[in-house]
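This report concerns only the one structure given below.
In this text the structure is predicted, and so the values were computed from the model without any measurement. Numbered from 1 within each chain, the chains take letters A, B, ... in sequence-line order.
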Protein chains: 2
Amino acid sequence: MDTSSPYAGGVAWIEGEFIPAEDARISIFDTGFGHSDLTYTVAHVWHGNIFRLGDHLDRLLDGARKLRLDAGMSKDELAEITKKCVSMSQLRESFVNLTVTRGYGRRKGEKDLSKLTHQVYIYAIPYLWAFPPQEQIFGTTAVVPRHVRRAGRNTVDPTIKNYQWGDLTAASFEAKDRGARTAILLDSDSCVAEGPGFNVCIVKDGKLASPSRNALPGITRKTVFEIADAMGIEATLRDVTSHELYDADEIMAVTTAGGVTPINTLDGEPIGSGEPGPMTVAIRDRFWALMDEPSPLIEAIQY
Amino acid sequence: MDTSSPYAGGVAWIEGEFIPAEDARISIFDTGFGHSDLTYTVAHVWHGNIFRLGDHLDRLLDGARKLRLDAGMSKDELAEITKKCVSMSQLRESFVNLTVTRGYGRRKGEKDLSKLTHQVYIYAIPYLWAFPPQEQIFGTTAVVPRHVRRAGRNTVDPTIKNYQWGDLTAASFEAKDRGARTAILLDSDSCVAEGPGFNVCIVKDGKLASPSRNALPGITRKTVFEIADAMGIEATLRDVTSHELYDADEIMAVTTAGGVTPINTLDGEPIGSGEPGPMTVAIRDRFWALMDEPSPLIEAIQY
């Protein structure tokens with residue numbers, strides 16, 4: 001890898017041009033900033049293979065359609081640009097972001113939503129861990145916030161991946177104040193929603209469950225469910241109550257930016273044994289094995 | 001006014017430099033974009049006077065404090081830069097935006113909130129109307145959305161002015177689909193919250209009321225309350241139920257980007273007489289008169 005290349009720190013595609021990621025800037029009048037009016041996805045590249053790009057693009061385009069956003073490009077075109085960002089960067093492990101925004105108009109601050117030109121921004125940068133890597137191995141800590149709930153589907157549609165993180169950011173600060181790494185937010189019905197950037201799965205009596213509402217339909221979670229199925233583990237999307245969360249044998253945080261991370265303690269008290277549980281460990285190891293195993297899930301980047 | 005000046009379309013202050021507004025761009029890695037992690041305010045200049053800038057800055061800095069954001073500048077410094085943006089633009093009527101974001105880190109996509117350098121962005125552009133000006137005079141139309149509620153204070157603190165507009169944008173599209181200009185959102189308790197970019201005040205039996213929770217404490221609304229007080233009208237911040245909204249004698253939408261706009265119909269049915277009501281008209285006219293009247297509320301821009 002040529003680290004003197006201007007692209008070594010990552011590559012962005014902004015308004016039709018490939019540029020070094022560090023130079024990537026967007027108009028302050030883009031309503032993706034000005035009203036967080038956008039959808040996005042984060043895919044990852046591991047050992048030179050991009051994982052489930054098709055699934056990421058399907059969800060991105062579905063979210064855009066629900067928001068009445070026109071990406072102006074086909075799934076194939078988006079895939080080509082994405083892969084070119086990665087190959088130009090020469091990154092073998094990369095965090096890849098695609099965002100479709102409502103964009104901006106000819107008139108600065110245009111308020112008529114029909115007069116805005118939608119924008120697509122794509123970048124590939126070095127892989128980012130949502131949790132420090134050692135915590136993915138040895139487990140991490142979480143709290144249930146006392147002061148904030150996750151916005152419900154009657155306000156912001158959680159099936160459209162979004163940056164409306166006010167509740168998640170407040171929860172992150174509360175976790176830090178209480179000496180924990182992260183937070184698991186409940187919804188207004190006291191059912192589990194999600195954490196800042198991850199889905200939550202619980203294990204009880206050998207069965208796996210994850211929230212059916214007020215949570216992103218995560219691609220990593222989808223993979224976890226497929227792994228569970230292949231292992232003969234019953235896995236269900238359904239309401240998961242706060243009682244079930246605290247009483248779980250195992251809790252895992254699942255996300256593209258970190259795979260499958262065991263949560264050892266909740267509000268300072270151990271979950272199960274207080275060590276990574278056997279099902280979490282088995283699924284986590286299988287998840288990472290998939291990154292190197294020839295299958296339709298991965299595609300080698302042509303560097 | 002020299003329209004050939006590069007600043008004639010507005011001026012922005014971005015990372016320490018005054019530039020033409022149309023060139024204003026921010027890093028794609030700013031978490032103000034990437035997690036909508038910010039607070040902002042919009043003030044306005046009318047006939048060369050800036051209105052209640054001190055109140056706007058107080059609310060901005062209060063919101064920043066609640067978010068643990070450090071603007072890195074005093075209220076006076078922010079005021080000076082803001083007024084310089086306006087004077088450089090030569091705009092006599094201007095829409096002025098100040099935003100404080102969590103910013104970005106040395107590492108692209110940095111996830112540790114403590115490693116980000118907070119940013120302040122300021123711009124002054126030609127005045128924007130939230131509603132077409134004729135609708136401010138003759139009244140406009142609204143619906144109560146069927147499909148979306150305003151996120152409540154248990155998710156995103158509405159006293160921190162924010163861009164988490166997913167619910168408001170969905171409501172705007174629903175209004176358009178149903179042939180109305182805008183929407184008035186209820187909260188999850190079926191009390192009035194706010195609309196896309198405006199506070200709601202109702203009038204019933206000569207008394208004025210506006211929601212005490214799940215709505216921004218708007219500077220225009222504060223002004224409306226002060227005007228009402230000076231006119232001897234009882235005005236109260238309290239819960240306003242959906243019943244009270246539909247049964248109101250008058251409804252007004254109040255915002256910096258439009259002053260006081262009568263809402264003539266709700267869900268296609270007339271409010272009161274279906275024409276702008278007498279109290280709305282009196283308060284609206286008094287509001288605009290304040291823009292030219294020497295008082296501590298206004299400050300002349302030194303062009």
Side-chain angles (χ1 to χ4, degrees), chain A residues 9-10 12 14 21-22 24-38 40 67-68 95 97 99 102 107-111 113-114 121 123 125-126 128-130 147-152 154-157 160 162-170 172-173 176 185 188 196-197 257, chain B residues 9-10 12 14 21-22 24-38 40 67-68 95 97 99 102 107-111 113-114 121 123 125-126 128-130 147-152 154-157 160 162-170 172-173 176 185 188 196-197 257:
Chain A
I14 306 281
E22 64 193 36
R25 296 176 85 84
I26 64 169
S27 170
I28 201 168
F29 300 106
D30 191 317
T31 53
F33 175 64
H35 286 153
S36 206
D37 197 0
L38 60 77
Y40 78 110
L67 291 173
R68 309 190 196 190
F95 177 99
N97 180 302
T99 305
R102 192 139 348 250
R107 191 172 71 129
K108 289 174 286 291
E110 177 62 59
K111 290 187 180 291
L113 299 177
S114 68
Y121 306 120
Y123 61 79
I125 57 175
L128 292 167
W129 293 96
H147 305 300
V148 70
R149 298 282 169 124
R150 182 59 167 149
N154 65 338
T155 61
V156 176
D157 183 343
I160 306 170
N162 65 74
Y163 279 142
Q164 293 173 62
W165 269 51
D167 40 12
L168 302 176
T169 301
S172 293
F173 275 112
K176 197 171 177 182
L185 287 85
S188 59
Chain B
I14 306 282
E22 64 193 35
R25 297 175 84 83
I26 64 170
S27 170
I28 202 168
F29 300 106
D30 191 317
T31 53
F33 175 66
H35 287 153
S36 207
D37 197 1
L38 59 79
Y40 78 109
L67 291 173
R68 310 190 195 189
F95 177 101
N97 179 302
T99 305
R102 187 128 6 237
R107 191 171 71 129
K108 288 174 287 292
E110 177 62 59
K111 289 186 179 292
L113 298 176
S114 69
Y121 306 120
Y123 61 80
I125 57 174
L128 291 168
W129 293 96
H147 304 301
V148 71
R149 298 283 170 122
R150 181 61 166 148
N154 65 338
T155 61
V156 176
D157 183 345
I160 306 170
N162 66 74
Y163 280 142
Q164 293 172 64
W165 269 51
D167 40 12
L168 302 176
T169 300
S172 293
F173 275 112
K176 197 171 178 183
L185 287 84
S188 59

> Going through the distances and angles, do B:Asp37 and A:Trp165 end up as a side-chain contact (heavy atoms from CB on, under 4.5 Å)?
Replying inline: CA-CA 7 Å; B:Asp37 197 1; A:Trp165 269 51; over 6 Å; no
What part of [X] gets within 4.5 angstrom of chain B, counting heavy atoms only: side chain, backbone, both, or neither?
X: A:Arg150; answer: backbone
X: A:Ala151; answer: both
X: A:Ile26; answer: both
X: A:Ala12; answer: neither

>> As an exercise: rank A:Tyr123, A:Trp129, A:Tyr40 by heavy-atom pairs under 4.5 Å with chain B and give me the winner.
In response: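 Top option by heavy-atom pairs under 4.5 Å: A:Tyr123.
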> Who wins among A:Glu110, A:His147, A:Arg107, A:Arg68 for the most heavy-atom pairs under 4.5 Å with chain B?
Replying inline: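 With the most close heavy-atom pairs to chain B, the winner is A:Arg68.
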For the residue pair [X] and [Y], what are the closest heavy atoms and their distance?
X: B:Leu128; Y: A:Lys108; result: CD2-O, 3.7 Å
X: A:Ser172; Y: B:Leu113; result: CB-CD1, 4.3 Å
X: B:Ser188; Y: A:Asn154; result: CB-ND2, 4.2 Å
X: A:Phe33; Y: B:Tyr163; result: O-CD1, 3.5 Å
X: A:Phe29; Y: B:Ala21; result: CE1-O, 3.2 Å
X: B:Ala130; Y: A:Lys111; result: CA-CD, 3.8 Å

Flag the pair [X] / [Y] as yes when at least one side-chain heavy-atom distance between them is below 4.5 Å, and no otherwise.
X: A:Ile14; Y: B:Ile28; value: yes
X: B:Thr169; Y: A:Arg102; value: yes
X: A:Val156; Y: B:Gln164; value: no
X: A:His35; Y: B:Pro196; value: no

> Side chain, backbone, both or neither: which part of B:Leu38 has an atom under 4.5 Å from a heavy atom of chain A?
Replying inline: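 Just its side chain gets close to chain A.
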> Can you tell me how far CG of A:Leu168 sits from OG1 of B:Thr155, rounded to the nearest 0.5 angstrom?
Replying inline: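 With rounding to 0.5 Å, OG1 (B:Thr155) is 10.0 Å from CG (A:Leu168).
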> Taking B:Gly197, B:Ser27, B:Ala170 one by one, which has the highest count of heavy-atom pairs under 4.5 Å against chain A?
Replying inline: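 The residue among B:Gly197, B:Ser27, B:Ala170 with the greatest pair count is B:Ser27.
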